[in-house]
Undergrad: 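A single structure is presented below for examination.
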Amino acid sequence: MVYLHGAMCETLRLYPSVPYEHKQSIEPDVLPSGHAIDGNTRILLSIFSMGRMEEIWGSDWMDFKPERWISVGSTDEKKMVVSHVPAYKFAAFMAGPRTCLGRKIAFVQMKAVASCVLRRFKFEVVDDHPVVPDASILMFMKYGLKVRVSNRA
Ligand code: HEM
């Protein structure tokens, strides 16, 4: 389940279900970046881009690596645990007082479905199928995902 958690975070890092978000200032403020903004300023955040920034994720940002979400346990070195990653770094669920309320239940649901389905079936992406995100409020796959499904022996 720890590795599956890492795989899901990694998927959401590269393909966040909510690729863009906006926030609006009530009064003049200074952003953590140091930029001064006026009141009533609309700020558009690209969560999609944040998941692909080298200064946030390192030079291997384009690699799908569930391992980047996993560390060894503090009491037992053989035990793998989910690493703490700040919400302001991994923004797929956003951060702060209006963060996603369903984050934990979303992981429970995704893990329940993935473990039931993957135990019984094997999925192989059809060769040369273009996996292209469709720019929208929610992230869709432009051409869907064509896979070959077979029973696990
Ligand atoms: C992978 C699955 C999900 C993702 C990526 C996701 C992402 C998000 C994001 C980005 C926001 C906006 C937060 C903001 O504007 O600051 C949000 C809000 C919210 N989400 Fe989710 N969400 C997921 C699943 C769920 C589920 C399963 C539930 C409920 C069972 C849920 C309930 C909510 C609620 C109630 C809010 C509004 C929170 C507020 O405005 O105070 N989400 N979510």
Side-chain angles (χ1 to χ4, degrees), residues 1-71 80-126 129-149 152:
M1 282 297 164
V2 171
Y3 196 81
L4 184 57
H5 190 95
M8 283 168 177
C9 290
E10 195 62 345
T11 305
L12 284 166
R13 174 178 75 82
L14 290 166
Y15 298 101
S17 320
V18 183
Y20 307 100
E21 258 285 7
H22 76 265
K23 298 285 172 192
Q24 196 156 339
S25 60
I26 297 171
E27 49 191 43
D29 207 343
V30 179
L31 300 179
S33 60
H35 292 91
I37 52 161
D38 294 330
N40 211 22
T41 302
R42 187 170 277 203
I43 300 161
L44 196 67
L45 294 130
S46 173
I47 301 171
F48 181 83
S49 308
M50 279 178 72
R52 291 157 183 263
M53 284 170 72
E54 187 167 341
E55 63 251 57
I56 298 179
W57 299 100
S59 57
D60 62 351
W61 63 266
M62 76 287 272
D63 297 341
F64 185 86
K65 278 174 70 179
E67 295 78 14
R68 70 173 96 236
W69 303 87
I70 298 168
S71 46
M80 294 294 138
V81 294
V82 174
S83 309
H84 170 73
V85 177
Y88 287 99
K89 175 177 174 183
F90 173 53
F93 295 94
M94 278 310 296
R98 300 304 295 268
T99 188
C100 175
L101 292 178
R103 181 188 172 123
K104 283 192 177 163
I105 190 77
F107 275 110
V108 170
Q109 286 177 338
M110 290 189 289
K111 285 174 189 171
V113 171
S115 54
C116 284
V117 170
L118 294 175
R119 246 179 69 202
R120 292 173 179 82
F121 304 104
K122 205 168 124 186
F123 294 84
E124 284 163 291
V125 179
V126 169
H129 176 72
V131 177
V132 182
D134 205 356
S136 165
I137 293 174
L138 292 179
M139 173 84 75
F140 291 99
M141 288 182 188
K142 203 166 187 175
Y143 307 107
L145 185 66
K146 285 192 181 162
V147 292
R148 239 175 241 105
V149 185
R152 273 189 202 280

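Both ligands and their constituent atoms are indexed starting at 1 by order of listing. We number each residue from 1, following the sequence as shown.
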Undergrad: When you check the space around atom 21 (Fe) of ligand 1, which protein N, O or S atoms turn up under 2.8 Å?
TA: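 Near atom 21 (Fe) of ligand 1, below 2.8 Å, one finds Cys100 SG.
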
Undergrad: Output, in order, the C-alpha distance, side-chain angles, deciding distance and verdict of side-chain contact (heavy atoms from CB on, under 4.5 Å) for Leu12 and Met110.
TA: CA-CA 12 Å; Leu12 284 166; Met110 290 189 289; 4.3 Å; yes

Undergrad: When you measure from atom 39 (C) of ligand 1 to every protein heavy atom, which one gives the shortest distance, and what is it?
TA: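 That would be Arg98 NE, 3.2 Å.
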
Undergrad: Does Asp60 pair with Arg68 as a salt bridge, N-O distance under 4.0 Å?
TA: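 A salt bridge is present here (some side-chain N lies under 4.0 Å from a carboxylate O).
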
Undergrad: Can you tell me which residue and heavy atom of the protein come closest to atom 16 (O) of ligand 1, and the distance to 0.1 Å?
TA: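 Answer, as residue, atom name and distance: Lys23 NZ, 2.7 Å.
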
Undergrad: For the atom pair CG (Leu44) and NZ (Lys23), what is the distance rounded to the nearest 0.5 Å?
TA: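 Reported value, rounded in 0.5 Å steps: 12.0 Å.
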
Undergrad: Using a 6.0 Å distance limit plus a 45 degree cone around the ring axis, check whether Arg52 lies over the aromatic ring of Tyr15.
TA: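 Satisfied, under 6.0 Å and within 45°.
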
Undergrad: Can you tell which part of Thr99 has a heavy atom less than 4.0 Å from ligand 1: side chain, backbone, both or neither?
TA: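 For Thr99, only backbone atoms sit under 4.0 Å from ligand 1.
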
Undergrad: Less than 4.0 Å from atom 31 (C) of ligand 1, is there any heavy atom belonging to the protein?
TA: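 Yes; the ligand atom in question has protein heavy-atom contact below 4.0 Å.
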
Undergrad: Residues two or more places apart in sequence or in another chain: which of them pass ring pair (Phe, Tyr, Trp, His ring centres under 6.0 Å) with Trp57?
TA: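 Per chain and number, Trp57 pairs via ring pair (Phe, Tyr, Trp, His ring centres under 6.0 Å) with Trp69.
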
Undergrad: Check each atom of ligand 1 against the heavy atoms of Ala92 and keep those under 4.0 Å away; list them by number with element.
TA: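 Here the atoms of ligand 1 in question are 5 (C), 7 (C), 10 (C).
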
Undergrad: Taking atom CD1 as the centre, does Ile26 end up with more than 12 heavy-atom neighbours from other residues, nucleotides or ligands that are less than 6.0 angstrom away?
TA: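 Incorrect, the count does not exceed 12.
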
Undergrad: Is there a nitrogen or oxygen of Glu21 sitting under 3.5 Å from a nitrogen or oxygen of ligand 1?
TA: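 Yes: some nitrogen or oxygen of Glu21 is under 3.5 Å from one in ligand 1.
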
Undergrad: Would one find more than 12 heavy atoms of other residues, nucleotides or ligands at under 6.0 Å from atom NZ of Lys142?
TA: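 Not more than 12 within 6.0 Å, no.
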
Undergrad: Counting only heavy atoms not in Arg119, do more than 12 sit closer than 6.0 Å to its CZ atom?
TA: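 No - once you tally the heavy atoms of other residues, nucleotides and ligands closer than 6.0 Å, there are 12 at most.
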
Undergrad: Considering both backbone and side-chain atoms of Ser17, is one of its nitrogen or oxygen atoms within less than 3.5 Å of a nitrogen or oxygen in ligand 1?
TA: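 In fact, backbone or side chain, Ser17 has no N or O that close.
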
Undergrad: Which value, rounded to the nearest 0.5 Å, describes the distance between Met94 atom CE and Tyr88 atom OH?
TA: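 Between atom CE of Met94 and atom OH of Tyr88 there are 7.5 Å.
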
Undergrad: May I ask you to check whether over 12 heavy atoms, not counting those of Tyr143, lie within 6.0 Å of atom OH?
TA: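 Check fails, neighbour count at 12 or below.
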
Undergrad: Which atoms of ligand 1 are found less than 4.0 Å from any heavy atom of Met94?
TA: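 Taking each heavy atom of Met94 in turn, ligand 1 has 10 (C), 13 (C), 14 (C), 16 (O) under 4.0 Å.
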
